Number of protein chains: 2
Amino acid sequence: MSRKPRRAVKPAGFAHAAPLFAALGDETRLALVLRLGSAGPHSIAQLAAGAAVTRQAITKHLQVLGAAGLVRSARLGRERIWNVEADRLDEARRFLEQMSCQWDEALGRLKGFVEKGNRTDASFCKPRN
Amino acid sequence: MSRKPRRAVKPAGFAHAAPLFAALGDETRLALVLRLGSAGPHSIAQLAAGAAVTRQAITKHLQVLGAAGLVRSARLGRERIWNVEADRLDEARRFLEQMSCQWDEALGRLKGFVEKGNRTDASFCKPRN
DNA sequence: GTCTAATGCAACCATTTGGTTGCACGATAA
DNA sequence: TTATCGTGCAACCAAATGGTTGCATTAGAC
(Lines give C-alpha, C1' and ligand atoms only; values in the text may rest on other atoms or scores of the structure.)
Protein backbone atom coordinates (compact mmCIF):
# COMPACT_ATOMS: atom_id res chain seq x y z
CA MET A 1 0.00 0.00 0.00
CA SER A 2 1.16 3.49 -0.68
CA ARG A 3 3.09 4.61 2.33
CA LYS A 4 2.66 8.03 0.80
CA PRO A 5 0.60 10.08 3.22
CA ARG A 6 -1.98 10.71 0.55
CA ARG A 7 -1.38 14.42 0.46
CA ALA A 8 -4.49 15.06 2.51
CA VAL A 9 -6.52 15.63 -0.66
CA LYS A 10 -7.52 19.23 -0.40
CA PRO A 11 -11.23 19.35 -1.17
CA ALA A 12 -11.82 20.90 -4.54
CA GLY A 13 -11.76 24.67 -4.58
CA PHE A 14 -13.09 25.67 -1.24
CA ALA A 15 -13.45 29.15 -2.62
CA HIS A 16 -16.08 27.57 -4.80
CA ALA A 17 -17.77 25.75 -1.95
CA ALA A 18 -18.13 28.65 0.45
CA PRO A 19 -20.91 30.42 -1.45
CA LEU A 20 -22.74 27.13 -1.57
CA PHE A 21 -22.73 26.79 2.19
CA ALA A 22 -23.51 30.45 2.57
CA ALA A 23 -26.61 29.96 0.49
CA LEU A 24 -27.70 27.08 2.70
CA GLY A 25 -26.86 29.05 5.81
CA ASP A 26 -30.17 30.80 6.15
CA GLU A 27 -33.15 29.25 7.83
CA THR A 28 -35.68 30.55 5.34
CA ARG A 29 -33.56 29.45 2.42
CA LEU A 30 -32.95 26.04 3.89
CA ALA A 31 -36.68 25.64 4.38
CA LEU A 32 -37.25 26.60 0.77
CA VAL A 33 -34.74 24.10 -0.49
CA LEU A 34 -36.19 21.41 1.71
CA ARG A 35 -39.67 22.12 0.47
CA LEU A 36 -38.74 22.26 -3.17
CA GLY A 37 -36.78 19.10 -2.75
CA SER A 38 -39.40 17.05 -1.00
CA ALA A 39 -42.60 18.43 -2.47
CA GLY A 40 -41.43 19.14 -5.97
CA PRO A 41 -41.46 22.31 -8.07
CA HIS A 42 -43.49 25.29 -6.94
CA SER A 43 -44.26 28.76 -8.16
CA ILE A 44 -43.17 31.79 -6.21
CA ALA A 45 -46.68 32.51 -5.05
CA GLN A 46 -47.10 28.96 -3.80
CA LEU A 47 -43.88 29.15 -1.87
CA ALA A 48 -44.76 32.53 -0.45
CA ALA A 49 -48.16 31.28 0.67
CA GLY A 50 -46.62 28.93 3.19
CA ALA A 51 -43.90 31.24 4.40
CA ALA A 52 -43.66 33.79 7.16
CA VAL A 53 -42.17 36.48 4.99
CA THR A 54 -43.21 38.43 1.92
CA ARG A 55 -43.32 37.13 -1.58
CA GLN A 56 -40.55 39.55 -2.48
CA ALA A 57 -38.38 38.18 0.27
CA ILE A 58 -38.96 34.70 -1.06
CA THR A 59 -38.01 35.89 -4.51
CA LYS A 60 -34.75 37.28 -3.19
CA HIS A 61 -33.94 34.07 -1.40
CA LEU A 62 -34.67 32.06 -4.50
CA GLN A 63 -32.31 34.27 -6.43
CA VAL A 64 -29.59 33.70 -3.89
CA LEU A 65 -30.14 29.98 -4.10
CA GLY A 66 -30.17 30.24 -7.85
CA ALA A 67 -26.89 32.13 -7.90
CA ALA A 68 -25.40 29.35 -5.83
CA GLY A 69 -26.70 26.85 -8.37
CA LEU A 70 -28.91 25.07 -5.89
CA VAL A 71 -32.17 25.81 -7.65
CA ARG A 72 -33.21 26.89 -11.09
CA SER A 73 -36.38 28.33 -12.53
CA ALA A 74 -38.36 28.34 -15.73
CA ARG A 75 -41.14 30.58 -16.88
CA LEU A 76 -44.43 28.77 -17.34
CA GLY A 77 -47.29 30.92 -18.49
CA ARG A 78 -47.41 33.80 -16.12
CA GLU A 79 -45.74 32.04 -13.30
CA ARG A 80 -42.17 31.07 -12.64
CA ILE A 81 -41.58 27.55 -11.47
CA TRP A 82 -38.61 26.76 -9.27
CA ASN A 83 -37.08 23.42 -8.76
CA VAL A 84 -34.04 21.91 -7.26
CA GLU A 85 -30.64 21.21 -8.77
CA ALA A 86 -29.59 17.89 -7.31
CA ASP A 87 -26.05 17.85 -8.66
CA ARG A 88 -25.05 20.99 -6.89
CA LEU A 89 -26.12 19.71 -3.52
CA ASP A 90 -24.19 16.56 -4.17
CA GLU A 91 -21.13 18.72 -4.60
CA ALA A 92 -21.62 20.18 -1.17
CA ARG A 93 -22.17 16.73 0.26
CA ARG A 94 -19.02 15.38 -1.29
CA PHE A 95 -17.10 18.35 -0.03
CA LEU A 96 -18.15 17.63 3.52
CA GLU A 97 -17.32 13.99 3.08
CA GLN A 98 -13.82 14.81 1.98
CA MET A 99 -13.38 17.16 4.90
CA SER A 100 -14.68 14.53 7.22
CA CYS A 101 -12.18 12.08 5.91
CA GLN A 102 -9.29 14.44 6.18
CA TRP A 103 -10.19 14.84 9.79
CA ASP A 104 -10.22 11.19 10.40
CA GLU A 105 -6.80 10.91 8.83
CA ALA A 106 -5.43 13.77 10.85
CA LEU A 107 -6.92 12.40 14.02
CA GLY A 108 -5.38 9.09 13.22
CA ARG A 109 -1.98 10.65 12.75
CA LEU A 110 -2.33 12.60 15.95
CA LYS A 111 -3.25 9.64 18.00
CA GLY A 112 -0.12 8.10 16.65
CA PHE A 113 -1.40 4.61 16.46
CA VAL A 114 -3.60 2.63 14.17
CA GLU A 115 -6.66 1.13 15.70
CA LYS A 116 -7.28 -2.49 14.94
CA GLY A 117 -10.84 -2.34 13.68
CA ASN A 118 -11.68 0.31 11.18
CA ARG A 119 -13.08 3.05 13.30
CA THR A 120 -16.43 3.84 11.76
CA ASP A 121 -18.00 3.64 8.36
CA ALA A 122 -15.02 5.31 6.84
CA SER A 123 -16.19 3.95 3.52
CA PHE A 124 -16.74 7.54 2.56
CA CYS A 125 -13.05 8.04 2.33
CA LYS A 126 -12.58 5.79 -0.61
CA PRO A 127 -12.18 8.11 -3.55
CA ARG A 128 -15.35 6.89 -5.13
CA ASN A 129 -15.19 9.52 -7.83
CA MET B 1 -41.06 -0.18 16.06
CA SER B 2 -42.85 2.72 14.59
CA ARG B 3 -44.03 1.86 11.16
CA LYS B 4 -44.36 5.35 9.92
CA PRO B 5 -44.27 4.99 6.15
CA ARG B 6 -41.08 6.85 5.55
CA ARG B 7 -42.79 10.25 5.66
CA ALA B 8 -40.01 11.75 3.60
CA VAL B 9 -37.95 11.99 6.77
CA LYS B 10 -37.60 15.65 7.34
CA PRO B 11 -33.94 16.19 8.15
CA ALA B 12 -33.51 16.86 11.83
CA GLY B 13 -34.23 20.42 12.87
CA PHE B 14 -33.17 22.44 9.90
CA ALA B 15 -33.35 25.45 12.15
CA HIS B 16 -30.44 23.80 13.89
CA ALA B 17 -28.55 23.10 10.71
CA ALA B 18 -28.74 26.55 9.18
CA PRO B 19 -26.22 28.19 11.54
CA LEU B 20 -23.86 25.35 10.81
CA PHE B 21 -23.92 26.01 7.10
CA ALA B 22 -23.77 29.72 7.74
CA ALA B 23 -20.56 29.21 9.67
CA LEU B 24 -19.09 27.25 6.78
CA GLY B 25 -20.31 29.81 4.31
CA ASP B 26 -17.36 32.12 4.53
CA GLU B 27 -14.21 31.59 2.56
CA THR B 28 -11.85 32.55 5.35
CA ARG B 29 -13.68 30.37 7.83
CA LEU B 30 -13.76 27.43 5.48
CA ALA B 31 -10.02 27.78 4.99
CA LEU B 32 -9.54 27.83 8.75
CA VAL B 33 -11.57 24.70 9.22
CA LEU B 34 -9.73 22.99 6.41
CA ARG B 35 -6.40 23.89 7.87
CA LEU B 36 -7.25 22.90 11.40
CA GLY B 37 -8.68 19.68 10.10
CA SER B 38 -5.80 18.65 7.91
CA ALA B 39 -2.82 20.06 9.76
CA GLY B 40 -4.00 19.61 13.30
CA PRO B 41 -4.46 22.06 16.18
CA HIS B 42 -2.98 25.53 15.91
CA SER B 43 -2.75 28.63 18.02
CA ILE B 44 -4.35 31.85 16.94
CA ALA B 45 -1.04 33.44 16.07
CA GLN B 46 -0.08 30.46 13.94
CA LEU B 47 -3.35 30.64 12.08
CA ALA B 48 -3.07 34.37 11.64
CA ALA B 49 0.45 34.05 10.27
CA GLY B 50 -0.74 32.24 7.18
CA ALA B 51 -3.85 34.31 6.61
CA ALA B 52 -4.57 37.42 4.63
CA VAL B 53 -6.44 39.18 7.40
CA THR B 54 -5.65 40.38 10.89
CA ARG B 55 -5.23 38.22 13.94
CA GLN B 56 -8.33 39.80 15.39
CA ALA B 57 -10.31 38.90 12.32
CA ILE B 58 -9.12 35.33 12.69
CA THR B 59 -10.19 35.37 16.31
CA LYS B 60 -13.66 36.51 15.35
CA HIS B 61 -13.98 33.80 12.74
CA LEU B 62 -12.85 31.19 15.21
CA GLN B 63 -15.49 32.39 17.61
CA VAL B 64 -18.14 32.09 14.96
CA LEU B 65 -16.98 28.57 14.17
CA GLY B 66 -16.91 27.82 17.86
CA ALA B 67 -20.46 29.08 18.34
CA ALA B 68 -21.52 26.73 15.58
CA GLY B 69 -19.78 23.90 17.37
CA LEU B 70 -17.35 23.23 14.56
CA VAL B 71 -14.20 24.01 16.52
CA ARG B 72 -13.25 24.28 20.13
CA SER B 73 -10.34 25.76 21.99
CA ALA B 74 -8.31 25.28 25.11
CA ARG B 75 -5.89 27.54 26.86
CA LEU B 76 -2.34 26.24 26.88
CA GLY B 77 0.19 28.43 28.59
CA ARG B 78 -0.20 31.82 27.11
CA GLU B 79 -1.68 30.63 23.88
CA ARG B 80 -5.06 29.30 22.91
CA ILE B 81 -5.11 26.16 20.85
CA TRP B 82 -7.97 25.52 18.47
CA ASN B 83 -8.93 22.22 17.05
CA VAL B 84 -11.72 20.71 15.13
CA GLU B 85 -14.94 19.10 16.32
CA ALA B 86 -15.47 16.16 14.02
CA ASP B 87 -18.92 15.17 15.22
CA ARG B 88 -20.47 18.46 14.33
CA LEU B 89 -19.28 18.32 10.77
CA ASP B 90 -20.66 14.85 10.52
CA GLU B 91 -24.02 16.28 11.44
CA ALA B 92 -23.85 18.66 8.53
CA ARG B 93 -22.77 15.87 6.26
CA ARG B 94 -25.63 13.65 7.32
CA PHE B 95 -28.05 16.49 6.86
CA LEU B 96 -26.96 16.93 3.26
CA GLU B 97 -27.19 13.22 2.69
CA GLN B 98 -30.75 13.12 3.90
CA MET B 99 -31.62 16.07 1.72
CA SER B 100 -29.96 14.41 -1.20
CA CYS B 101 -32.01 11.31 -0.66
CA GLN B 102 -35.26 13.17 -0.36
CA TRP B 103 -34.48 14.63 -3.70
CA ASP B 104 -33.89 11.32 -5.27
CA GLU B 105 -37.19 10.12 -3.89
CA ALA B 106 -39.04 13.15 -5.13
CA LEU B 107 -37.41 12.93 -8.53
CA GLY B 108 -38.42 9.32 -8.68
CA ARG B 109 -42.00 10.15 -7.88
CA LEU B 110 -42.03 12.91 -10.45
CA LYS B 111 -40.72 10.77 -13.20
CA GLY B 112 -43.51 8.43 -12.36
CA PHE B 113 -41.66 5.26 -13.07
CA VAL B 114 -39.11 3.14 -11.36
CA GLU B 115 -35.92 2.60 -13.21
CA LYS B 116 -34.68 -0.92 -13.46
CA GLY B 117 -31.19 -0.57 -12.14
CA ASN B 118 -30.70 1.39 -8.99
CA ARG B 119 -29.84 4.81 -10.32
CA THR B 120 -26.68 5.68 -8.43
CA ASP B 121 -25.06 4.82 -5.19
CA ALA B 122 -28.24 5.54 -3.31
CA SER B 123 -26.81 3.60 -0.44
CA PHE B 124 -26.87 6.86 1.46
CA CYS B 125 -30.60 6.65 1.70
CA LYS B 126 -30.66 3.63 3.88
CA PRO B 127 -31.43 4.99 7.32
CA ARG B 128 -28.10 3.98 8.67
CA ASN B 129 -28.59 5.93 11.85
C1' DG C 1 12.37 41.95 38.43
C1' DT C 2 11.85 43.47 33.08
C1' DC C 3 10.79 42.51 28.36
C1' DT C 4 8.01 40.49 24.97
C1' DA C 5 4.98 37.50 22.57
C1' DA C 6 0.03 35.80 22.43
C1' DT C 7 -4.22 36.91 23.52
C1' DG C 8 -8.56 39.50 24.88
C1' DC C 9 -11.51 43.43 24.48
C1' DA C 10 -13.70 47.51 22.66
C1' DA C 11 -14.74 51.02 19.46
C1' DC C 12 -15.32 51.95 15.00
C1' DC C 13 -16.31 51.52 9.91
C1' DA C 14 -18.17 50.01 5.29
C1' DT C 15 -20.72 46.66 3.11
C1' DT C 16 -23.88 43.03 2.86
C1' DT C 17 -28.10 40.95 4.14
C1' DG C 18 -32.84 40.07 5.10
C1' DG C 19 -36.66 42.31 5.07
C1' DT C 20 -40.19 45.72 3.81
C1' DT C 21 -43.53 48.77 0.75
C1' DG C 22 -45.07 50.45 -3.58
C1' DC C 23 -45.79 50.20 -8.32
C1' DA C 24 -45.38 48.74 -13.14
C1' DC C 25 -46.02 44.91 -16.42
C1' DG C 26 -47.43 40.71 -18.87
C1' DA C 27 -50.53 36.76 -19.18
C1' DT C 28 -55.19 34.68 -18.19
C1' DA C 29 -59.84 34.37 -17.11
C1' DA C 30 -64.43 36.38 -17.46
C1' DT D 1 -61.89 44.42 -23.06
C1' DT D 2 -61.30 44.51 -18.57
C1' DA D 3 -60.18 42.79 -14.24
C1' DT D 4 -56.95 40.21 -11.80
C1' DC D 5 -53.28 37.24 -10.63
C1' DG D 6 -48.34 36.26 -10.53
C1' DT D 7 -44.04 38.59 -11.20
C1' DG D 8 -40.33 41.88 -11.68
C1' DC D 9 -38.12 45.96 -10.17
C1' DA D 10 -36.65 49.76 -7.26
C1' DA D 11 -36.13 52.35 -3.13
C1' DC D 12 -35.58 52.10 1.35
C1' DC D 13 -34.38 50.44 6.14
C1' DA D 14 -32.33 48.11 10.31
C1' DA D 15 -29.33 44.83 11.71
C1' DA D 16 -25.65 41.69 11.03
C1' DT D 17 -21.10 40.85 9.13
C1' DG D 18 -16.25 41.13 8.09
C1' DG D 19 -12.83 43.87 8.79
C1' DT D 20 -9.83 47.33 10.98
C1' DT D 21 -6.96 49.95 14.83
C1' DG D 22 -5.65 50.67 19.52
C1' DC D 23 -4.91 49.32 24.06
C1' DA D 24 -5.04 46.24 28.18
C1' DT D 25 -3.72 41.86 30.17
C1' DT D 26 -1.19 37.79 31.00
C1' DA D 27 2.29 34.26 30.94
C1' DG D 28 7.03 32.88 29.52
C1' DA D 29 11.73 34.19 28.54
C1' DC D 30 15.85 36.64 30.01
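Letters A, B, ... are given to chains in the order of the sequence lines, protein chains preceding strands, and every chain is numbered from 1. This structure is a prediction, so every number in the text was calculated from the model and none was measured.
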Tell me: CG of B:L32 to P of D:dG19, nearest whole Å? 10 Å
From the set D:dG19, C:dG19, D:dG28, return the single nucleotide nearest to any side-chain atom of B:V53. D:dG19
Distance-only donor-acceptor test, A:R55 side-chain atoms vs D:dG8 base atoms, 3.5 Å: yes
Does A:R80 put a side-chain nitrogen or oxygen below 4.0 Å from OP1 or OP2 of D:dG8? yes
A:R75, nearest nucleotide to its side chain (from D:dG19, D:dT7, D:dA11): D:dT7
Within the 4.0 Å heavy-atom criterion, would you say B:A45 contacts the bases, only the backbone, or no part of the nucleic acid? sugar-phosphate
Looking only at heavy atoms, which two atoms of B:V84 and B:V33 are closest? And how far apart? CG2-O, 4.2 Å
Return yes if some donor-acceptor pair links the side-chain N/O of B:Q46 with the main-chain N/O of B:S43 below 3.5 Å, else return no. yes
Residue mapping more 5' on DNA chain C - nearest nucleotide basis, A:D26 or A:L76: A:D26
How close or far is atom C1' of D:dT17 from atom CG of B:L65, stated in whole angstroms? 14 Å
If I take atom CG in residue A:L30 and atom C1' in nucleotide C:dG18, what distance separates them, rounded to the nearest angstrom? 16 Å
Rounded to the nearest Å, what distance is computed from the CD atom of residue B:E27 to the P atom of nucleotide D:dT17? 18 Å
Interatomic distance where CZ belongs to A:R29 and P belongs to C:dT16 [whole Å]: 15 Å
Considering only heavy atoms and no angle criterion, is a donor-acceptor pair shorter than 3.5 Å present between the side chain of B:Q56 and the base of D:dG22? yes
Interatomic distance where NZ belongs to B:K60 and C1' belongs to C:dT15 [whole Å]: 13 Å
Using only side-chain N and O atoms of B:S73, determine if any of them is under 4.0 Å from OP1 or OP2 of C:dT7. no
In whole Å, I'd like the distance from the CD atom of B:E79 to the C1' atom of D:dG28. 10 Å
Is there a side-chain contact between A:M99 and B:R93 in this structure, where contact means two heavy atoms from C-beta onward sitting under 4.5 Å apart? no
Integer-rounded Å distance: D:dA27 P and B:R78 CZ: 11 Å
Has A:S43 got a side-chain N or O lying under 4.0 Å from the OP1 or OP2 atom of D:dC5? no
Short side-chain N/O contact from A:T59 to OP1 or OP2 of D:dT7, under 4.0 Å: no
In a check of side-chain contact (heavy atoms from CB on, under 4.5 Å) between A:L70 and each of A:L32, A:V64, A:L24, which one passes? A:L24
Could you check whether B:E91 pairs with B:R88 (Lys NZ or Arg NE/NH1/NH2 to Asp/Glu carboxylate O, under 4.0 Å)? yes
